[in-house]
Amino acid sequence: KLIKVKLNPTGAKYNQKELRFRHISGKNTLYLFLGSATLMLLQSCSNTKFLKEDEKLYTYTWFSENGFGKINNKPLKAYELYLVGHAKTNRPIFFLPRTSLTIHNYCVPSGKWGPRHYINKIFQQPPVLLEQVNPEFRLKVMKQRLAEMGHFDSDITLDVKVYGKDQKKARAKYNIFFETAYRYRKLDFYNQGTRPDSIIAASMPQSLIRPGIDYWVKDLEDERGRLSQILKNHGHYYFNSDFLLFHADTAVGEKQVDL
């Protein structure tokens with residue numbers, strides 16, 4: 001079978017399939033180069049000029065923490081606070097920051113179909129604004145979480161910085177100051193002599209609340225869940241964990257709590 005061939009300057013022979021493959025590969029490389037160049041060009045464009053006069057683009061959240069004395073479970077407690085303070089910003093694409101926002105602003109589709117329409121639909125993201133993140137509200141929730149962990153003397157401060165040549169960008173920094181947490185001194189259960197009270201009293205040696213460990217509302221919720229399940233296992237199917245109440249006395253001194 002005869003195959004048409006062409007000679008390159010070096011004298012090597014290429015058949016038609018090889019020539020076609022080389023042509024396609026060259027086109028793909030060109031498209032990739034043009035696409036990358038377009039993304040970089042768009043990335044250099046300003047996204048803040050599309051914002052209203054009173055709007056600020058939220059860029060990122062920063063945390064710092066300092067501890068005074070022994071802080072038990074500090075990584076876990078810090079993580080709980082980070083979950084509250086962290087806010088998602090406009091996500092990057094191909095390691096280029098805020099590419100999704102650039103596509104939202106500059107790649108506006110002219111119709112309901114076509115490459116621009118699908119690129120905008122898949123990759124675009126509207127701007128994340130400072131007022132939407134609301135760092136002041138997050139600060140209040142973080143302080144509440146800090147108290148729920150037993151750090152009644154600890155504090156968190158907020159620093160919101162507005163920057164950029166047009167003052168249209170903002171970022172938030174939370175400064176966490178840990179003090180030693182309050183600890184359980186003892187747990188007393190008031191047994192009124194009823195059958196449920198007797199069941200609860202018998203299970204107290206297995207209580208999750210033990211003297212010396214840090215006060216944490218999460219532990220109280222887990223203890224209520226444990227006791228509620230024990231009562232249900234004994235036939236009290238409609239018992240609710242909200243029926244169990246804790247009274248905490250934090251005024252006993254030396255950062256101790258009596259329950």
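Remember, predicted model here, so these are calculated numbers, not experimental data.
Apart from Val162 itself, the hydrophobic cluster it occupies contains nothing, where clustering links Ile, Leu, Val, Met, Phe, Trp and Tyr at side-chain heavy-atom distances under 4.5 Å. Under a 4.5 Å side-chain heavy-atom cut-off, the cluster of Ile, Leu, Val, Met, Phe, Trp and Tyr residues that includes Leu227 is completed by Phe152, Tyr182, Tyr184, Leu187, Phe189, Ile199, Ile200, Met204, Ile209, Ile213, Tyr215, Val217, Leu220, Ile230, Leu231, Phe239, Phe243, Leu244, Phe246, Val257, Leu259.
A cation-pi geometry, defined here as NZ or CZ lying under 6.0 Å from the six-membered ring centre and within 45° of its normal, holds between Lys77 and Trp216. Geometrically, Arg171 does not engage Tyr58 in a cation-pi contact, judged by NZ or CZ lying under 6.0 Å from the ring centre and within 45° of the ring axis.
Scanning for side-chain hydrogen bond (donor to acceptor under 3.5 Å, both in side chains) contacts around Asn233 gives Gln229, with sequence neighbours left out. Asp166 meets the side-chain hydrogen bond (donor to acceptor under 3.5 Å, both in side chains) test with Thr48; sequence neighbours excluded. Every side-chain hydrogen bond (donor to acceptor under 3.5 Å, both in side chains) that Thr157 has, sequence neighbours left out, goes to Asn175.
Nearest heavy atom pair, residue Leu146 against residue Asp155, reads CD2-N, 3.8 Å. Shortest non-hydrogen contact noted between Val252 and Gln256 is CG2-O, 3.1 Å. Minimum interatomic distance between Val128 and Asn90 (heavy atoms only, all atoms of both residues): N-OD1, 3.3 Å. The minimum heavy-atom distance linking Thr180 with His151 is given by the pair C-ND1, 4.0 Å. Annotation for Pro127 and Leu57: closest pair CB-CD1, 3.9 Å, computed over non-hydrogen atoms. The two residues Gly212 and Arg183 have their closest heavy-atom pair at O-CD, 3.5 Å.
In this structure, Leu101 and Pro126 have side chains that are not in contact, with every pair of non-hydrogen atoms separated by 4.5 Å or more. Side-chain contact between Arg224 and Asp222 is absent, with no heavy-atom pair separated by less than 4.5 Å. Residues Ser228 and Asn240 are not in side-chain contact: their nearest non-hydrogen atoms beyond the backbone lie 4.5 Å or more apart. Looking only at side-chain heavy atoms (C-beta outward), Glu80 and Met149 come within less than 4.5 Å of each other. A heavy-atom distance below 4.5 Å is not found between the side chains of Asp219 and Leu208. No side-chain heavy atom of Leu130 sits under 4.5 Å from any side-chain heavy atom of Glu55.
More than 12 heavy-atom neighbours from other residues, nucleotides or ligands sit within 6.0 angstrom of CD on Gln167. Around NZ of Lys161, the count of heavy atoms belonging to other residues, nucleotides or ligands within 6.0 Å does not exceed 12.
Side-chain atoms of Glu221 never come within 3.5 Å of backbone atoms of Lys218 as a donor-acceptor pair (strictly under, hydrogens ignored).
If you take OG1 on Thr59 and NZ on Lys168, they are separated by 14.0 Å, rounding to the nearest 0.5 Å. Here the straight-line distance linking atom CD of Glu136 with atom NZ of Lys140 works out to 8.5 Å at 0.5 Å rounding. The distance from the CD atom of Gln125 to the NZ atom of Lys88 is 9.0 Å, given to the nearest 0.5 Å. Here Leu129 contributes atom CG and Asp54 contributes atom CG; the two are 9.5 Å apart, rounded to the nearest 0.5 Å. Atom OG in Ser154 sits 11.5 Å away from atom NZ in Lys143 (nearest 0.5 Å). Once rounded to the nearest 0.5 Å, the distance linking OH of Tyr60 with NZ of Lys173 reads 9.5 Å.
Look at Asp197 and Arg195 and you find no salt bridge, because none of the NZ, NE, NH1 or NH2 atoms lies under 4.0 Å from a carboxylate O. Between Arg185 and Asp258, at least one side-chain N (NZ, or NE/NH1/NH2) sits under 4.0 Å from a carboxylate O, which counts as a salt bridge. Taking a cutoff of 4.0 Å between a charged side-chain nitrogen and a carboxylate oxygen, Asp153 and Lys255 qualify as a salt bridge. Look at Glu223 and Arg226 and you find a salt bridge, because one of the NZ, NE, NH1 or NH2 atoms lies within 4.0 Å of a carboxylate O, short of that distance.
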*Between Arg145 and Leu83, does a side chain to side chain contact (heavy atoms under 4.5 Å, CB included) hold up when you go through it step by step?*
CA-CA 11 Å; Arg145 294 287 175 85; Leu83 289 178; 5.9 Å; no
*Yes or no on side chain to side chain contact (heavy atoms under 4.5 Å, CB included) for Thr61 and Tyr174, after CA distance, side-chain angles and deciding distance?*
CA-CA 8 Å; Thr61 308; Tyr174 298 93; 3.6 Å; yes
*Take Lys74 and Glu65 through the test side chain to side chain contact (heavy atoms under 4.5 Å, CB included) and record every step on the way to the result.*
CA-CA 10 Å; Lys74 183 179 178 181; Glu65 56 185 64; 3.1 Å; yes
*asked:* I'd like to know whether Leu81 forms a side chain to side chain contact (heavy atoms under 4.5 Å, CB included) with Phe178, so could you lay out the CA-CA distance, the side-chain angles of the two residues, the decisive distance to 0.1 Å, and finally the verdict.
replied: CA-CA 12 Å; Leu81 298 175; Phe178 281 107; 4.0 Å; yes
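Residue pairs meeting the ring pair (Phe, Tyr, Trp, His ring centres under 6.0 Å) criterion with at least one partner in residues 69-88, sequence neighbours excluded, are Phe63-Tyr82.
No single ILVMFWY cluster, assembled from side-chain heavy atoms under 4.5 Å apart, contains both Leu245 and Tyr190. Val160 and Leu139 end up in the same hydrophobic cluster when Ile, Leu, Val, Met, Phe, Trp and Tyr side chains are linked at under 4.5 Å. By the rule that hydrophobic residues join a cluster once side-chain heavy atoms approach within less than 4.5 Å of another member, Leu158 and Trp62 end up as members of separate clusters.
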